[in-house]
Amino acid sequence: MEGEFSVNISSPRHTRAAEQDMWTGLNEADVNDALTPPSMNELIHRAVSIFEKHLKHVIITRQAKLHEMTSFHVTNSIASSSNTPQPQSRGAFHDQSIAVVKSKYEVEDMKLDPLVSSELQDLISNIASKYNNVFFHNFEHAAHVMASADSLLSMLQSTTLKTNEQLESKTDKALYAYSTLVVEPRHRSEKKLSTYGIASCPITHLALVYSALVHDMGHEGIGNQQMVKENHPLAIKYQGKSVAENNSLDIAIYLLEQKNYANLRRAIFGDFTNASTEAREFMNAEEHIFYNILTENIHATDIFSRERLERNRRKWIESFDKMYNGKPLTDGCTCEPKSKILGRRASVPPTSKPSPVTNYLTRLRSPSVHGEEFSILCPSCQIYHDECVLRLDHMRACAVIVQMIQASDVAHSMQSWPIFLKWNMKLYQEFWAATLVGRGPDFSKTWFQDQIAFFDNYVTSVAKRLQQCGVFGDFGRLLLQNLRNNRARWLLEGEDLCEQMRIRIMAHQVDEIK
């Protein structure tokens, strides 16, 4: 399709209804009365499979982009030496490049290098070993969060569009599809909602599922406030700020940067050996994206930090509520009201036209991960300005990605009733275990009301934002409907269930004493 810069690496596409059922009943087969988890080998296998799928997508897309860069330079050199007219753009070779790489790397046929596969297996096993044997924040939880993030990615609404004819080349269109927003289609019926560049950025997908897998490494089964209260060494190290999350982040980066994962890192970020300057810049930019998302996502899972929650809330308001009156992007021009909001922070497109790839990389690096800077132009107007066309909307993209990791972290609340009950019971057990050893207050008398408050004050906000941003289409409503169903049933059955959990815990204690 014209303007499309992606390679489909997924298995045969499920229907929308099947994908929604997959989310709602994710890992429901693991639910049992004894709450025993799948074997560690099974959990590791699942994590490896998800990571490998997204890694292949990263490799395929990077190979296509680098092949295009090479074709452009070689053809220009030949044309220059033979005094033939220069090609109008490198985009003339875009379709050919994709065809070559795609035929070479069909998903079903593509095999990772044995060294990469071995290192990936070892990395996931190493990550699993860094999780403590606690009731809730264990490796099974991490694997479920990772699978939930993967499910969310599969539900992203496609935004590959026939772009406006004002774009000067297929390359411009390709980079636009990779990095920015929705544009005007030639026919209104072709228009789809934007994912703000997320759907077409494989390195973002890999960073999201990796951050989901590692986000609770080293968790001791107690909250940050308790660690600060105890003057825990980690609380001292991180000055009482997102203690568990900063510890998980440090471990995650440390593991990935070990020498024995050199081949895996080359597979993720590219091989710099004999790479051109332009290729090196591109691969550096991809690595920059990966670590920024990893850092932001793990910090975002500290849902009891008022400071962090307030920052994310302000970011969301700036991204969606103020600019678009709480609605997804529309056909209308929003430049004028957007300019008033941003004022001096807005950037103005220059009159010159730098190299598309150089310009894209510059724009990729210049905004902070928190999205402090972005263009004042609306999507309908951006297509007339190269600099804006090639610029990722960091604020909106980062805001959505944060909501995706937060939704994945509490996905059980928005999935089926058996899944919700399983993880609710596990969290109850973890809190109770902490209480028994004097590392937390007795919450058992308020558990029923606490769950209602959690639904109302946190989970509902996450679900509503994912629906509001529009990137999931109809699926956005499913999250909200599932949590409302679970909340309604909790209101009816929750008090009895709390009593059953209390009796079960007490019986277990008696058995241990015997």
Side-chain angles (χ1 to χ4, degrees), residues 10 13-26 144-161 181-182 190-201 204-205 208-209 212 293 297 300-301 303 309 312-313 315-331 371 379 393 395-417 419-420 454-488:
S10 60
R13 188 171 296 177
H14 298 285
T15 65
R16 195 90 175 146
E19 287 176 335
Q20 293 181 357
D21 291 343
M22 193 178 301
W23 163 269
T24 300
L26 185 66
H144 188 76
V145 175
M146 184 188 200
S148 298
D150 179 56
S151 183
L152 286 178
L153 286 170
S154 73
M155 299 301 298
L156 279 176
Q157 185 168 1
S158 173
T159 56
T160 303
L161 303 171
L181 311 175
V182 71
E190 294 173 357
K191 182 148 186 167
K192 298 179 182 178
L193 294 176
S194 170
T195 64
Y196 314 113
I198 300 171
S200 52
C201 185
T204 293
H205 304 175
L208 177 61
V209 296
I293 291 175
N297 278 3
T301 61
I303 63 176
L309 288 176
N312 290 336
R313 187 187 70 85
K315 182 193 298 183
W316 190 267
I317 290 174
E318 286 293 319
S319 299
F320 295 97
D321 292 342
K322 285 187 178 181
M323 285 184 201
Y324 304 111
N325 298 319
K327 299 178 181 179
L329 293 174
T330 61
D331 295 346
D393 188 329
M395 174 171 276
R396 280 168 290 197
C398 287
V400 172
I401 291 168
V402 163
Q403 298 305 310
M404 289 176 70
I405 190 65
Q406 289 181 333
S408 300
D409 196 20
V410 295
H412 62 279
S413 301
M414 296 175 277
Q415 292 167 337
S416 71
W417 177 250
I419 295 172
F420 167 71
F454 188 62
F455 274 125
D456 294 345
N457 299 331
Y458 183 73
V459 186
T460 298
S461 297
V462 173
K464 283 184 175 180
R465 287 170 183 168
L466 288 181
Q467 181 184 19
Q468 175 190 354
C469 68
V471 304
F472 296 102
D474 294 340
F475 180 64
R477 290 196 292 269
L478 177 68
L479 299 178
L480 198 57
Q481 186 58 51
N482 282 353
L483 81 85
R484 285 172 175 169
N485 291 342
N486 287 337
R487 184 187 185 280

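Values in this document were obtained by computation on a predicted structure and should not be read as measured data.
Looking only at side-chain heavy atoms (C-beta outward), Asn297 and Leu208 come within less than 4.5 Å of each other. The shortest distance between side-chain heavy atoms of His412 and Asn486 does not fall below 4.5 Å. Proximity of Tyr458 to Ser413: side-chain heavy atoms (C-beta onward) are nowhere separated by under 4.5 Å.
Ile293 CD1 to His205 NE2: the interatomic distance, rounded to the nearest 0.5 Å, is 9.0 Å. The distance from the OG1 atom of Thr24 to the CG atom of Asn485 is 9.5 Å, given to the nearest 0.5 Å. Between the CH2 atom of Trp316 and the SG atom of Cys469 there is a distance of 4.0 Å, given to the nearest 0.5 Å. Atom CD of Gln403 sits about 9.0 Å away from atom NZ of Lys315, to the nearest 0.5 Å. Atom CG of residue Leu478 and atom CG of residue Asp21 lie 8.5 Å apart, to the nearest 0.5 angstrom. Remark: Phe475 CZ to Ser154 OG distance equals 7.5 Å, nearest 0.5 Å.
Under the 30°/60° scheme for interplanar angles, the aromatic rings of Trp417 and Phe420 are found to be tilted.
Listed by chain and number, the residues in a salt bridge (charged side-chain N to carboxylate O under 4.0 Å, His left out) with Arg477 are Asp474 (sequence neighbours excluded). With sequence neighbours excluded, no residue satisfies salt bridge (charged side-chain N to carboxylate O under 4.0 Å, His left out) with Asp409. Judged as a side chain to side chain donor-acceptor pair (under 3.5 Å), and not counting sequence neighbours, the contacts of Arg313 are Glu310. Qualifying side chain to side chain donor-acceptor pair (under 3.5 Å) partners for His144, counting only residues two or more places apart in sequence or in other chains: Asn27, Gln415. Annotation: side-chain contact (heavy atoms from CB on, under 4.5 Å) contacts of Leu483 (sequence neighbours excluded): Met414, Phe455, Val459, Thr460, Ala463, Leu480. Residues meeting the side chain to side chain donor-acceptor pair (under 3.5 Å) test with Ser151, sequence neighbours left out: none.
Across all their heavy atoms, Ala149 and Ala212 have their closest contact at CB-CB, 4.2 Å. In this structure, Ala300 and Val402 approach most closely via the heavy-atom pair CB-CG1, 3.8 Å. Considering all non-hydrogen atoms of both residues, Ile419 and Leu26 come closest at CD1-O, 3.0 Å. Contact detail for Ala407 and Leu466: the closest heavy-atom pair is CB-CD1, 3.6 Å. Contact record, Met146 with Val209: CG-O, 3.5 Å, taken as the closest heavy-atom pair. For the residue pair Thr195 and Leu156, the shortest heavy atom distance occurs at CG2-CD2, 4.2 Å.
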Inset, instruction - Test Asn312 against Gln406 for side-chain contact (heavy atoms from CB on, under 4.5 Å), laying out the working first. - result: CA-CA 11 Å; Asn312 290 336; Gln406 289 181 333; 3.6 Å; yes

